[in-house]
J.: 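Got a structure here, written out as structure tokens. Questions coming.
When a ligand or atom number is given, it counts from 1 through the structure's own listing order. Being a predicted model, the structure only gives us computed values, none of them experimental. Every heavy atom of this structure was used, including side-chain atoms; hydrogens, water molecules and symmetry mates were not.
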Amino acid sequence: MRHMRSLVLFLTLMAVPFGAASADTGKDDGQKIIRNGEQASIKGPASCFTGNVRIDPLYPANNAMRSSGGVTFEPGARSNWHVHPVGQVLIVTAGLGLTQEWGKPVQIIRPGDVVICPVGVKHWHGAAPNSSMTHISICEEKEPGKVVQWLEPVTDAQYDAR
Ligand code: MN
């Protein structure tokens, strides 16, 4: 249950507009700086991830702006298989990672690599077996809070099929 609450919190955080922003006008109070340390990290729930995963929220959806989260996978940790209703961009910032599209080979991803996950394409991403991996994930919402549809875990056999 704690994991589910974390997930709900994560998805809720991603959907909460800032301050006095108005959904009607798209105008807000102006530039906002979210200071380092203001947003608590969230443990990636076991219902969505294998291994230890930390989600560092970056900014929530805000009128025309969309949502994102920085995600760190410890060695061997990975997401479940999943799809994004409006797609996703991954910007790898540290470590060594892996990603796979359903039906295609596992691919290595490195810092500076940008991965585009198209709408509705089933995939997973995570860390290599002996290295952590951090990426910034940018997802757009199809409706408030809905940036991902989670599917089954990536099995060890799938993860090891490199
Ligand atoms: Mn994804």
Side-chain angles (χ1 to χ4, degrees), residues 2-17 34 39-62 64-162:
R2 191 171 65 82
H3 293 315
M4 283 308 297
R5 283 200 300 274
S6 296
L7 178 62
V8 169
L9 173 62
F10 172 55
L11 293 176
T12 301
L13 281 171
M14 297 305 231
V16 173
I34 304 170
Q39 304 183 101
S41 297
I42 301 162
K43 178 177 170 52
S47 57
C48 306
F49 299 96
T50 297
N52 292 321
V53 176
R54 190 184 78 242
I55 299 164
D56 293 321
L58 294 177
Y59 61 89
N62 176 23
M65 292 178 62
R66 307 301 178 177
S67 59
S68 74
V71 181
T72 298
F73 298 83
E74 292 189 7
R78 68 266 189 180
S79 71
N80 280 13
W81 289 99
H82 61 279
V83 296
H84 299 284
V86 196
Q88 179 183 44
V89 174
L90 302 173
I91 304 167
V92 183
T93 57
L96 188 68
L98 301 172
T99 189
Q100 183 181 20
E101 182 179 323
W102 185 259
K104 295 186 179 179
V106 176
Q107 299 199 69
I108 295 172
I109 49 176
R110 297 179 171 84
D113 288 347
V114 178
V115 182
I116 297 171
C117 307
V119 174
V121 171
K122 183 174 175 178
H123 68 285
W124 64 269
H125 26 105
N130 298 312
S131 174
S132 62
M133 190 275 282
T134 301
H135 63 51
I136 293 171
S137 162
I138 301 173
C139 292
E140 296 199 3
E141 299 178 342
K142 186 160 190 170
E143 53 190 281
K146 297 288 178 77
V147 298
V148 59
Q149 178 189 354
W150 291 108
L151 303 170
E152 72 276 15
V154 174
T155 65
D156 289 344
Q158 290 171 328
Y159 180 74
D160 290 334
R162 298 182 304 282

J.: What's the separation between atom CD in Q100 and atom NZ in K122, rounded to the nearest 0.5 Å?
T.: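 The CD atom of Q100 sits 10.0 Å away from the NZ atom of K122.
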
J.: Between K146 and E140, does any side-chain N to carboxylate O distance fall below 4.0 Å?
T.: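 Not counted as a salt bridge, because no side-chain N and carboxylate O are separated by less than 4.0 Å.
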
J.: What count do you get for protein N/O/S atoms less than 2.8 Å from the Mn ion (ligand 1)?
T.: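 Protein N, O or S neighbours of the Mn ion (ligand 1) under 2.8 Å, waters not counted, come to 5.
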
J.: So which atom in S131 and which in A127 form the shortest heavy-atom distance, rounded to 0.1 Å?
T.: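 In this case the closest contact between S131 and A127 is O-CB, 3.1 Å.
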
J.: Please confirm whether the ring centroid of F49 lies under 6.0 Å from the ring centroid of W150.
T.: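 Close enough - the centres of the two rings lie under 6.0 Å apart.
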
J.: Could you give me the CA-CA distance, side-chain angles and deciding distance for T50 and V154, then say whether side chain to side chain contact (heavy atoms under 4.5 Å, CB included) is met?
T.: CA-CA 8 Å; T50 297; V154 174; 5.7 Å; no

J.: Using side chain to side chain contact (heavy atoms under 4.5 Å, CB included), reason through I109 and L98 one step at a time and then give a plain yes or no.
T.: CA-CA 6 Å; I109 49 176; L98 301 172; 5.8 Å; no

